[in-house]
Amino acid sequence: MPEGHSIHRLAHTFAAIGDDLRPRASSPQGRFAASAAVIDGQHLRRTWAWGKHLFLDYALAGDHIVHVHLGLYGSWRFVGTDAFVAPSHVGAPRLAYEHLGEKVERVAGAWQPPEPRPTVRLRLEFPHGIADLSGPARCELIDDGEVDAILNRLGPDPLRADCDGEDFVRAARSSRRPIGQLVMDQSVVAGPGNIYRAECLFRTGISPWRPGERVSVDRLRALYADLCTTMSAGVREGRIVTIEPADILDPLPDPEAGRFYVYHRDQRACVRCGHRIVAEDMAGRRLFRCPGCQH
DNA sequence: GTTTGATGTCGAC
DNA sequence: TCGACCTCAAACG
């Protein structure tokens with residue numbers, strides 16, 4: 001579930017918890033137990049994101065950075081008192097701890113953390129709440145050199161001000177692979193996933209099957225700019241909404257309307273041109289597009 | 001009760 | 001190109 005906007009939102013959430021953090025760390029599931037013992041109670045100096053990668057920098061002698069990649073179904077769950085950040089669940093659409101009820105989670109005063117699910121890889125316990133990580137594809141303690149190795153494999157992140165969209169334009173222009181594959185390639189541009197791919201290619205009118213070398217520089221710049229716009233909105237709102245208000249049909253013809261132009265909208269009529277949205281396979285992932293609007 | 005799928009990535013053929 | 005993997009709610013019987 002998580003595309004880059006979710007990971008940046010997580011970094012903001014950790015920043016909102018405080019700036020002198022020394023969370024207790026544990027691994028109820030056990031697979032991160034040895035590393036959790038190393039960072040337990042240590043100063044969590046900063047949390048930041050690049051694409052879909054989350055980094056928790058610890059102020060420890062030597063290099064200690066927790067690197068987390070949620071993969072397809074990892075998630076972070078935040079639960080605590082009113083003094084903690086709002087309860088949230090970032091990642092795979094699940095309702096962990098739902099049975100506890102929000103009132104129990106939010107009571108002020110004495111704080112009893114909920115029993116972790118047995119699959120929680122890493123629990124960070126703060127004075128007023130907990131952050132539980134479940135199901136990540138990667139959760140590892142690494143050093144600065146390994147961080148550099150990861151960043152070297154990643155293209156520019158549209159959500160980072162220190163990234164340059166021209167790097168994306170250059171990489172795309174020099175490839176014969178379809179632009180739909182390039183937008184999903186994290187070494188070309190870091191952060192977009194299947195939804196932003198489908199939606200931004202629709203919004204810029206580009207066919208996902210067009211080879212990168214045959215997409216004009218202007219259209220590639222427009223595409224990168226649109227990734228910036230829509231993903232920034234995703235960070236703010238906590239969910240992906242890419243459809244413009246003017247394109248939301250009123251009255252709504254179906255409950256799925258009002259969020260996406262093409263993602264998961266195969267067989268339905270395009271709100272712009274009326275063509276039937278198609279779903280097809282591209283390199284093993286479902287691809288959605290409008291044959292009438294994208295060329 | 002069992003199967004399926006999901007906003008992802010890697011490595012072996 | 002294919003399967004494996006990290007997890008669990010929804011869909012299917």
Side-chain angles (χ1 to χ4, degrees), chain A residues 1-10 27-33 35 49-54 66-77 88-100 116-123 132-140 142 146 149-155 157-159 177-178 180-203 208 227 230-235 237-243 255-256 259-266 279-289:
Chain A
M1 148 162 239
E3 300 194 20
H5 71 296
S6 299
I7 313 308
H8 282 265
R9 196 175 167 82
L10 283 166
S27 180
Q29 177 210 43
R31 289 178 54 171
F32 195 63
S35 296
W50 189 303
K52 296 168 188 163
H53 299 256
L54 185 71
V66 177
H67 168 230
V68 176
H69 194 297
L70 293 180
L72 189 51
Y73 40 77
S75 70
W76 281 95
R77 176 83 175 174
S88 64
H89 192 210
V90 179
R94 280 177 240 127
L95 298 173
Y97 308 133
E98 189 73 6
H99 58 286
L100 294 174
R117 285 196 173 200
T119 53
V120 169
R121 182 80 55 88
L122 169 62
R123 165 169 284 194
D132 277 355
L133 169 66
S134 300
R138 303 297 293 258
C139 175
E140 57 189 353
I142 63 177
E146 292 168 297
I150 291 165
L151 297 186
N152 285 339
R153 292 191 276 108
L154 296 177
D157 178 347
L159 290 172
R177 294 161 63 212
Q181 276 184 47
L182 295 171
V183 177
M184 292 279 285
D185 183 337
Q186 302 296 299
S187 70
V188 173
V189 55
N194 207 14
I195 296 181
Y196 282 116
R197 157 175 80 172
E199 293 295 300
C200 292
L201 286 171
F202 173 88
R203 286 163 55 97
L227 289 166
T230 54
M231 293 180 71
S232 297
V235 175
E237 298 176 32
R239 65 186 208 131
I240 306 177
V241 179
T242 51
I243 195 165
E256 291 285 299
R259 245 190 117 186
F260 305 132
Y261 286 108
V262 292
Y263 183 76
H264 275 186
R265 292 191 55 76
D266 47 311
E280 48 207 347
D281 185 279
M282 178 182 267
R285 301 298 299 278
R286 286 254 283 173
L287 170 72
F288 302 89
R289 69 184 170 93

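Naming: A, B, ... by sequence-line order, numbering from 1 per chain.
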Below the 4.0 Å mark, does dT7(C) have OP1 or OP2 next to a side-chain nitrogen or oxygen of S75(A)? no

Distance below 4.0 Å between Y196(A) side-chain N/O and dT7(B) OP1 or OP2: no

To check you understand the geometry: which heavy-atom pair defines the closest contact between R203(A) and T242(A), and what is its length? NH1-O, 2.5 Å

How long is the line joining CG of D281(A) and C1' of dG5(B), in whole Å? 15 Å

From NE2 of H264(A) across to P of dA10(C) the rounded distance in Å is 15 Å

Would you classify R31(A) as touching base, sugar-phosphate or nothing, given that sugar-phosphate means primed atoms plus P, OP1 and OP2, and contacts are heavy atoms under 4.0 Å? sugar-phosphate

In whole Å, what is the span from the CG atom of N194(A) to the P atom of dG5(B)? 15 Å

What is the nucleic acid contact for R121(A), judged by heavy atoms within less than 4.0 Å: base, sugar-phosphate only, or nothing? sugar-phosphate

With heavy-atom distances below 4.5 Å as the criterion, would you say the side chains of L70(A) and W76(A) are in contact? yes

Can you say whether the rings of F202(A) and Y261(A) are parallel (under 30°), tilted (30 to 60°) or perpendicular (over 60°)? parallel

Measuring only the P atom in each nucleotide, how far is dC13(B) from dC5(C)? A whole number of Å is fine. 14 Å

With a 4.0 Å cut-off on heavy atoms, is E199(A) in touch with a base, just the backbone sugar-phosphate, or nothing at all? nothing

When the C1' atoms of dT7(B) and dT1(C) are compared, how many Å lie between them, rounded to an integer? 23 Å

Using a 4.0 Å heavy-atom cut-off, does R153(A) contact any base of the nucleic acid, only the sugar-phosphate backbone, or nothing at all? sugar-phosphate

dT9(B) phosphate, OP1 or OP2, under 4.0 Å from H69(A) side-chain N/O: yes

Ignoring backbone atoms, test whether K52(A) places a side-chain nitrogen or oxygen under 4.0 Å from the OP1 or OP2 oxygen of dT9(B). yes

With rounding to the closest Å, how many angstrom separate the P atoms on dG13(C) and dG5(B)? 12 Å

With side-chain contact (heavy atoms from CB on, under 4.5 Å) as the test, pick out the partner of V68(A) among I7(A), L10(A), L133(A). L133(A)

Can you say whether the rings of H53(A) and H67(A) are parallel (under 30°), tilted (30 to 60°) or perpendicular (over 60°)? parallel

Quick one: is R285(A) getting a side-chain N or O under 4.0 Å of the dG8(B) phosphate, OP1 or OP2? yes

